[in-house]
Amino acid sequence: MEKKNLDWANIGFNYRVTDKRYVSNWKDGKWDDGALIDDPNVTINECAGILQYCQEVFEGLKAYTWEDGSIVAFRPDMNAERMFNSAKRMEMPPFPQERFLEAVDEVVKANAAWVPPYGSGATLYIRPYMFATGPVIGVKPSDEYQFRMITTPVGPYFKGGAKPITICVSEFDRAAPHGTGHIKAGLNYAMSLHAHVTAHANGFDENMYLDAATRTYVEETGGANFLFVTKDGTLVSPKSDSILPSITRRSIMYIAENMLGIKTEHRPVKFSELKDFEEAGLCGTAAVISPVGRVVSKEETISFPAGMEKMGPVLQKIYDTITGIQAGRIEGPEGWIRRIC
Ligand code: PLP
Ligand code: COI
């Protein structure tokens with residue numbers, strides 16, 4: 001199969017319309033059979049629940065072309081499960097997890113020409129999402145929903161790829177205690193846009209959000225979890241009920257502990273600890289592992305000794321391993337790779 005003729009190394013992290021998308025609708029208490037369709041536009045009622053009360057959840061995962069030309073996805077079962085849980089929290093009918101996996105297979109196969117070639121540095125981003133299509137005017141869950149899965153080829157999330165980024169501590173909060181920070185709902189991102197634009201206007205690449213209750217613990221950024229490495233080489237990742245349970249982070253912690261012999265700690269991390277860490281990074285499907293060189297708060301600037309020029313050695317080792325597994329160069333734990341075609 002011939003790949004599309006794109007400048008794969010320079011596509012950036014942008015939406016580019018591809019050939020097919022998978023759509024299934026929930027009506028009269030059930031999901032229909034679902035189908036691949038051509039139309040990239042959605043037509044919904046003017047009073048649809050998504051438009052009035054933001055009833056929506058989504059996911060993000062990637063497909064990779066291996067050296068032999070085959071195409072795989074990385075742990076899509078984890079996305080199916082997380083989306084199931086997100087939907088329940090938003091009072092939406094969860095999409096069956098087995099059907100989610102079948103939809104991944106179908107939509108990736110149908111867009112195989114858009115899955116970037118092996119070694120290009122780009123991947124196919126898969127964005128499953130579900131939104132309320134039925135009309136509501138009083139505040140309540142909708143009766144009708146659409147599940148949709150689209151794909152778009154992407155490059156690195158942060159401009160400059162592996163160059164360490166500078167982050168500011170946000171004056172705004174992302175997630176309330178007992179709120180929705182732990183699920184992947186569009187509303188968490190809508191309310192982060194002002195903080196995002198403010199950070200960029202001030203010359204920063206991203207925000208570090210602190211816990212909303214005490215503003216003393218590190219939570220996450222708008223689209224990735226944090227990783228830190230202590231001076232004695234322990235990998236530390238912040239724990240909180242209002243952080244999205246990143247699949248990349250959970251995979252990394254497993255790889256570090258079981259494949260690389262790196263000690264790991266998943267625990268609350270005080271902001272005041274940051275100055276003692278050797279390396280810092282972000283992790284997520286889009287971010288992969290992106291090194292953080294500096295964190296700037298109103299009071300201080302923390303520079304991580306591993307430097308501003310490149311990723312620190314411990315995170316680099318983990319990066320090489322996880323991207324090696326995703327690209328088929330390294331054998332990963334059983335069940336992590338779904339072979340599509
Ligand atoms: N945290 C937030 C807020 C995110 O949006 C994402 C992206 O999905 C992540 C963390 C990373 O999660 P994952 O590794 O499952 O992509
Ligand atoms: C992902 O990593 O898949 C996300 O959804 C994060 C988003 C900021 C692009």
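Start at 1 and go down the list; that is how both ligands and their atoms are numbered.
Taking any N or O of Thr221, backbone or side chain, none lies under 3.5 Å from an N or O belonging to ligand 1. The N/O atoms of Lys184, backbone and side chain alike, include one that comes under 3.5 Å of an N/O atom in ligand 2.
Looking at Ser246 against ligand 1, both its backbone and its side chain come within 4.0 Å, counting heavy atoms. By the criterion of a heavy-atom distance under 4.0 Å, the side chain of Arg127, and not its backbone, is placed next to ligand 2.
A donor-acceptor contact closer than 3.5 angstrom links the side chains of Tyr118 and Arg329. Under the 3.5 Å distance criterion, with hydrogens and angles disregarded, no donor-acceptor pair is assigned to the side chains of Thr221 and Asn207.
Atoms of ligand 2 lying under 4.0 Å from any heavy atom of Tyr157, numbered from 1 in the order shown and given with element: 8 (C), 9 (C). Under a 4.0 Å criterion applied to the non-hydrogen atoms of Gly222, ligand 1 contributes the atoms 3 (C), 5 (O). For ligand 1, the atoms closer than 4.0 angstrom to any heavy atom of Glu220 are 1 (N), 2 (C), 3 (C), 10 (C). Close approach of ligand 1 to Tyr189 (heavy-atom distance below 4.0 Å) involves ligand atoms 2 (C), 3 (C), 4 (C), 5 (O). Short contacts between ligand 1 and Asn225, defined as distances under 4.0 Å to a heavy atom of the residue, involve ligand atoms 1 (N), 10 (C). Under a 4.0 Å criterion applied to the non-hydrogen atoms of Lys184, ligand 1 contributes the atoms 4 (C), 5 (O), 6 (C), 7 (C), 8 (O). Residue Arg82 has at least one heavy-atom neighbour below 4.0 Å for each of these atoms of ligand 1: 12 (O), 13 (P), 15 (O). Within the listing of ligand 2, atoms 6 (C), 8 (C) sit less than 4.0 angstrom from a heavy atom of Gly223. Residue-ligand proximity, Tyr125 to ligand 2, at heavy-atom distances under 4.0 Å covers atoms 1 (C), 3 (O), 4 (C), 5 (O). Atom numbering of ligand 2 starts at 1 in the shown order; those under 4.0 Å from a heavy atom of Phe58 are 5 (O).
Between Glu300 and Lys275, no side-chain nitrogen of the basic residue sits less than 4.0 Å from a carboxylate oxygen of the acidic one, so the salt-bridge criterion is not met. One finds no salt bridge joining Lys27 and Asp143 here, because no Lys/Arg side-chain nitrogen approaches an Asp/Glu carboxylate oxygen to under 4.0 Å. Taking a cutoff of 4.0 Å between a charged side-chain nitrogen and a carboxylate oxygen, Arg82 and Glu59 qualify as a salt bridge. Taking 4.0 Å as the cut-off between side-chain N and carboxylate O, Asp77 and Arg338 do not count as a salt-bridged pair. Checked for salt-bridge contact, Arg174 and Glu219 miss the test: no charged N lies under 4.0 Å from a carboxylate O. Checked for salt-bridge contact, Arg75 and Glu81 miss the test: no charged N lies under 4.0 Å from a carboxylate O.
Look at Arg174 and you'll find a heavy atom under 4.0 Å from some atom of ligand 1. The closest approach between a heavy atom of Glu59 and any atom of ligand 2 is not below 4.0 Å.
Closest protein heavy atom to atom 9 (C) of ligand 1: Gly223 O, 3.6 Å. Of the protein's non-hydrogen atoms, the one nearest atom 16 (O) of ligand 1 is Thr285 OG1, 2.6 Å. Atom 2 (O) of ligand 2 has its closest protein heavy atom at Ala286 N, 2.8 Å.
To the nearest 0.5 Å, the span separating CG on Leu51 from CD1 on Ile44 amounts to 4.0 Å.
Using a 30° and 60° split on the angle between ring planes, Phe228 and Phe304 fall in the tilted class, from 30° to 60°.
A distance-only check finds no donor-acceptor pair linking the side chain of Ser237 to the backbone of Leu227 [under 3.5 Å].
Nearest-residue assignment for atom 13 (P) of ligand 1 (options Asn79, Ile247, Ile183; heavy-atom criterion): Ile247.
Tyr145 places none of its side-chain heavy atoms less than 4.5 Å from the side chain of Phe95.
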